[in-house]
Amino acid sequence: MPIKDIARPRTELVSADPTASLREICQLMDDRRVGCVVIESDERPAGIITDRDIAMEFSGGATLDDLTADDIMHRDPYTISSDDGVFDLCATMAEHGVRRMPVVEGDELAGIVTFDDLVVLLDDELSNLSEVVRTESPPYEEP
């Protein structure tokens, strides 16, 4: 299954410019109820900021007005092509220890796929498989 079949499209992606203030990033996350914002430059993923990144900055004493996206973003985030498969996605996420990956078409940002998206996909597939087992299995009979 290609990533483009499960990824959230560009229209649902929450992104910001590297110059956005941390306050703006937090507001975007709150308004859109997401745990990350992709930082883009020239329609390409330049970085990513997660809710955890923000929490770690606050533990160091920073305030929302002290920092910009450029100050705390993970630069050059790992990405996945929209034509790659789910197996490749899982392997790449595991290899790099990331839960969210921007999806690209060529070099351009096309969407995002998250660990949560994979869990939902897995749940759907397991439900389908369990239905096959139910319909193909003989009824359980008490001795």
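Atoms considered below: every heavy atom in the structure, side chains included; atoms not considered: hydrogens, waters and symmetry mates.
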Drop me the distance from Lys4's NZ to Glu105's CD, to the nearest 0.5 angstrom. 7.0 Å
Inspect the contact between Asp116 and Arg100 and indicate whether a charged nitrogen and a carboxylate oxygen are less than 4.0 angstrom apart. no
Before giving the answer on side chain to side chain donor-acceptor pair (under 3.5 Å), spell out for Ser127 and Asp124 the whole-Å C-alpha distance, their side-chain angles and the decisive distance to 0.1 Å. CA-CA 5 Å; Ser127 293; Asp124 290 346; 5.7 Å; no
When rounded to the nearest 0.5 Å, the distance separating OG1 of Thr79 from CE of Met101 is 6.0 Å
Between Val120 and Val113, is there a shared hydrophobic cluster once you connect ILVMFWY residues whose side-chain heavy atoms come closer than 4.5 Å? no
In Å and rounded to the nearest 0.5 Å, what is the CD to CG distance from Glu24 to Asp65? 10.0 Å
Please check if atom CZ in Arg8 has more than 12 non-hydrogen atoms from other residues, nucleotides or ligands closer than 6.0 Å. no
Arg52 with Glu57: basic N within carboxylate O range, under 4.0 Å: no
With a 4.5 Å cut-off on side-chain heavy-atom distances among I, L, V, M, F, W and Y, is there a chain of contacts connecting Ile72 to Val34? yes
Has Asp30 got more than 12 heavy atoms of other residues, nucleotides or ligands less than 6.0 Å from its CG? yes
Output the distance between atom OG1 (Thr19) and atom CG (Asp70), rounded to the nearest 0.5 Å. 8.5 Å
Between CD1 on residue Ile25 and CG on residue Asp71, distance to nearest 0.5 Å: 11.0 Å
Interatomic distance, Ser41 atom OG to Asp17 atom CG [nearest 0.5 angstrom]: 7.0 Å
